[in-house]
2 protein chains.
Amino acid sequence: MKSRSKYHHGELRSALVSLAVAEIARAGVEKLSLRSLARQAGVSPTAPFRHFPDKQTLLAGIAIEGFEELTGRLTETSESNSDIEERFIELGTTYVGFAQEFPVHYQLMFGAVLGDFSTSKELQEAAASSYAVLDATLAEMKHSQDLDHDVATLGGLVWSAVHGMASLVINVPMASVSTGADAAPRQAVKSIHNDMRAGLKMVYRGVMR
Amino acid sequence: MKSRSKYHHGELRSALVSLAVAEIARAGVEKLSLRSLARQAGVSPTAPFRHFPDKQTLLAGIAIEGFEELTGRLTETSESNSDIEERFIELGTTYVGFAQEFPVHYQLMFGAVLGDFSTSKELQEAAASSYAVLDATLAEMKHSQDLDHDVATLGGLVWSAVHGMASLVINVPMASVSTGADAAPRQAVKSIHNDMRAGLKMVYRGVMR
DNA sequence: ACCACAATGTGAGCATTGCTTACATTAAAG
DNA sequence: CTTTAATGTAAGCAATGCTCACATTGTGGT
């Protein structure tokens, strides 16, 4: 039960994260203000500091939340696909799908705003968990398929392609550029996005013998 | 000749851009301060506003500078490679090479910090120029090679892979993560980076019939 | 050579921000 | 039920982005 007096918010931490994500989506990370978040949450300007030592850590919190969600999705995808090639491809679509649904999180997870992850052990671990799922699949492929390139190179290539797709789907700076004759790039992105499975298959076959 | 009195800086605009790039590389875009730049340039705190209406525009200026440099490099690469496949591959290495040498610029050009490009016509045009070079090569490939996929999809795939490589080479959040057993991702990136040509060839062959 | 004028830089100042420090209230544990 | 840790508040400081009124300088038209 909740006390009538709202001296204690009760869910401030998670409320701040949600509000921050919404604010970033609306106005960009550049104009995010802790005080504004506090106002929206109906709390004093200094209350947020009881949950995050500073602004950076609040942002890191969003990234951590993102990695946790991503890890969950990747794990689920991995477990529900026994065929290795199928799994490989589905992991890619899951990855890009996540980026689509959580653009703000993704941007914090892979953008340069957060700088080096070394400042937060929690962040490092959350990120490592996500990559562990991908690594596992890669390792299995190494044994179950005849690759003509080492797994490291394969991983880099695939990761590059998938990560690139995700980035483009999110940012698509071209959305504003391609208004006329130069609409090709945008269509390209849209196309590759619409037919992600085909795209990954192409990469896959470029690597396999 | 320069007047002895330095009431007028003379090169303030470009000086501010350089200083800003250095500052971002050192401390991140989050703690960039116009006043600090002014101090470093030895001018009053309000002087920068004579060259940029606001902070965002200063950042956009960096991105524009980046697109100009990139366009120049891509053009040069394109002109010095007559063979189409060779050109295709070299464009990719040039792209990633640029990202490596100008990480701050790249981050502003393709990150989410700048939001929608629609705020600056100059930015839109600078970006369009860069993509024009890639589009041209893609269009030529369509006619000189037998592709089993339309050029739009091909463009998206290649752009994704190259852009992804560039992003990873720059950010490599893993640089801090992979300190122990999970060093695989980093090696993957390093490998794909070291052997960029081979990587692009894989993609290329995945797409070609 | 002059001088009006646009370009560039200055100084003071305002609202807002991140963050600190000292204190208040509440929830939880003993 | 009391002690204590968790959580929130109030006041305040230095720094920032930006505006406005004013100063200085370079430049083009006569």
Side-chain angles (χ1 to χ4, degrees), chain A residues 1-63 108 113-115 119-120 122, chain B residues 1-63 108 113-115 119-120 122:
Chain A
M1 59 180 59
K2 356 183 38 178
S3 56
R4 192 158 24 79
S5 112
K6 311 211 296 181
Y7 188 97
H8 280 109
H9 182 286
E11 305 278 359
L12 224 204
R13 170 163 184 130
S14 60
L16 286 174
V17 173
S18 299
L19 288 170
V21 170
E23 192 76 3
I24 293 174
R26 198 174 54 76
V29 70
E30 203 73 0
K31 24 195 72 177
L32 176 69
S33 139
L34 288 189
R35 289 177 108 106
S36 152
L37 294 182
R39 258 173 263 140
Q40 294 177 47
V43 90
S44 85
T46 56
F49 290 94
R50 291 290 149 193
H51 296 273
F52 304 96
D54 57 23
K55 196 178 175 183
Q56 282 283 318
T57 310
L58 186 264
L59 295 179
I62 298 177
L108 254 12
V113 180
L114 247 40
T119 53
S120 165
E122 223 183 330
Chain B
M1 58 180 61
K2 355 183 38 179
S3 55
R4 196 156 22 80
S5 107
K6 311 212 296 180
Y7 187 96
H8 280 110
H9 181 287
E11 306 278 359
L12 224 204
R13 168 159 187 133
S14 60
L16 287 174
V17 172
S18 299
L19 289 170
V21 170
E23 192 77 3
I24 293 173
R26 197 174 56 76
V29 70
E30 202 75 357
K31 17 196 79 180
L32 176 68
S33 140
L34 289 188
R35 289 176 108 106
S36 151
L37 294 183
R39 257 173 264 138
Q40 294 178 46
V43 332
S44 83
T46 56
F49 291 94
R50 294 290 146 190
H51 296 273
F52 303 97
D54 57 22
K55 197 177 172 182
Q56 282 284 320
T57 310
L58 185 264
L59 295 179
I62 297 177
L108 255 13
V113 181
L114 248 39
T119 52
S120 165
E122 221 182 330

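These figures come from a predicted structure and were not determined experimentally. Chain letters run A, B, ... following the sequence lines, proteins first and then strands; every chain starts at 1.
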A.B. asks: To the nearest Å, give me how far apart CG (A:Leu59) and P (C:dT17) are.
C.D. replies: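 Rounded to the whole Å, the gap is 15 Å.
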A.B. asks: Using the side chain to side chain contact (heavy atoms under 4.5 Å, CB included) criterion, which residues pair with A:Ala38? Sequence neighbours excluded.
C.D. replies: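 With neighbours one apart ignored, the set is A:Val43, A:Pro48.
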A.B. asks: Can you name the side chain to side chain contact (heavy atoms under 4.5 Å, CB included) partners of B:Leu19, sequence neighbours left out?
C.D. replies: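 Partners of B:Leu19 under the side chain to side chain contact (heavy atoms under 4.5 Å, CB included) test: B:Leu37, B:Gln40, B:Ala41.
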A.B. asks: Which residues pass the side chain to side chain contact (heavy atoms under 4.5 Å, CB included) test with A:Ala63, sequence neighbours left out?
C.D. replies: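 Listed in chain order: A:Leu108, A:Met109, A:Leu114, A:Leu123.
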A.B. asks: Specify the separation, in whole Å, of atom NZ of A:Lys31 and atom C1' of C:dT16.
C.D. replies: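 Distance check: A:Lys31 NZ to C:dT16 C1' gives 13 Å.
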A.B. asks: Taking atom C1' of D:dT7 as reference, at what distance in whole Å does atom CG of A:Leu12 sit?
C.D. replies: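 In whole Å, D:dT7 C1' lies 9 Å from A:Leu12 CG.
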A.B. asks: For the pair made of CD in A:Glu11 and P in D:dG8, what is the distance, rounded to whole Å?
C.D. replies: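 Answer to the nearest Å: 10 Å.
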A.B. asks: Looking at B:His51, I'd like to know whether one of its side-chain N or O atoms comes within less than 4.0 Å of OP1 or OP2 on C:dA7.
C.D. replies: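 False: B:His51 side-chain N/O out of range (4.0 Å or more) of C:dA7 OP1/OP2.
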A.B. asks: Expressed in angstrom and rounded to an integer, what is the separation of B:Glu30 atom CD from D:dG17 atom C1'?
C.D. replies: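 Between C1' of D:dG17 and CD of B:Glu30: 15 Å.
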A.B. asks: Whole angstrom is fine here: how far is it from CZ in A:Phe49 over to C1' in C:dT21?
C.D. replies: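 So the CZ-C1' distance, A:Phe49 to C:dT21, works out to 13 Å.
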A.B. asks: Nearest 0.5 Å, please: how far is OG1 in A:Thr57 from NE2 in A:His51?
C.D. replies: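 OG1 of A:Thr57 is found 13.5 Å from NE2 of A:His51.
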A.B. asks: So, using side chain to side chain donor-acceptor pair (under 3.5 Å) as the criterion, who are the partners of B:Thr46 when residues are at least two apart?
C.D. replies: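 So B:Thr46 forms a side chain to side chain donor-acceptor pair (under 3.5 Å) with B:Ser44.
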A.B. asks: Polar pairs (N or O, both sides) under 3.5 Å between protein and nucleotides 12-16 of chain D?
C.D. replies:
residue, atom, partner, partner atom, Å
D:dT16, OP1, B:Ser33, OG, 3.2
D:dT16, OP2, B:Arg39, NH2, 2.5

A.B. asks: Taking only residues at least two apart or on different chains, which pairs with a member in residues 14-28 of chain A satisfy salt bridge (Lys or Arg N to Asp or Glu O under 4.0 Å)?
C.D. replies: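 Counting only pairs at least two positions apart or across chains, the salt bridge (Lys or Arg N to Asp or Glu O under 4.0 Å) contacts touching residues 14-28 of chain A are A:Glu23-A:Arg26.
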A.B. asks: Rounded to whole Å, how long is the line connecting atom CZ of A:Arg50 with atom C1' of C:dT26?
C.D. replies: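 Rounding to the nearest Å, CZ of A:Arg50 and C1' of C:dT26 are 13 Å apart.
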A.B. asks: Angle between the end axes of the helix from C:dA1-D:dT30 to C:dG30-D:dC1, five pairs per end, to the nearest 10 degrees?
C.D. replies: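 The end-segment axes of the helix from C:dA1-D:dT30 to C:dG30-D:dC1 are tilted 20° relative to each other.
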A.B. asks: For the pair made of CG in A:Leu37 and P in C:dT16, what is the distance, rounded to whole Å?
C.D. replies: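 Computing the A:Leu37:CG to C:dT16:P distance gives 16 Å.
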A.B. asks: If you measure from CG on B:Leu32 to CG on B:Leu59, what distance do you get to the nearest 0.5 Å?
C.D. replies: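 Going from the CG atom of B:Leu32 to the CG atom of B:Leu59 covers 6.0 Å.
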A.B. asks: Can you sort out the partners of B:Ser120 under side chain to side chain donor-acceptor pair (under 3.5 Å), two or more places apart, ordered by chain and number?
C.D. replies: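 Checked B:Ser120 against side chain to side chain donor-acceptor pair (under 3.5 Å); zero matches.
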A.B. asks: My understanding is that only residues two or more places apart in sequence, or in another chain, count here; which of them pass side chain to side chain contact (heavy atoms under 4.5 Å, CB included) with B:Phe49?
C.D. replies: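 So B:Phe49 forms a side chain to side chain contact (heavy atoms under 4.5 Å, CB included) with B:Leu34.
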A.B. asks: Tell me which residues in residues 15-22 of chain B put a heavy atom below 4.0 Å from DNA chain C, sorted by number, or none.
C.D. replies: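 Residues of residues 15-22 of chain B that come under 4.0 Å of DNA chain C do not exist, since none gets that close.
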A.B. asks: Which residue pairs pass the salt bridge (Lys or Arg N to Asp or Glu O under 4.0 Å) test when at least one of the two sits in residues 34-54 of chain B, sequence neighbours left out?
C.D. replies: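 For residues 34-54 of chain B, and leaving out neighbouring residues, there are no salt bridge (Lys or Arg N to Asp or Glu O under 4.0 Å) pairs at all.
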A.B. asks: Where do A:Val29 and B:Glu30 come nearest, in terms of heavy atoms and distance?
C.D. replies: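 Closest approach of A:Val29 to B:Glu30: O-OE2, 4.0 Å.
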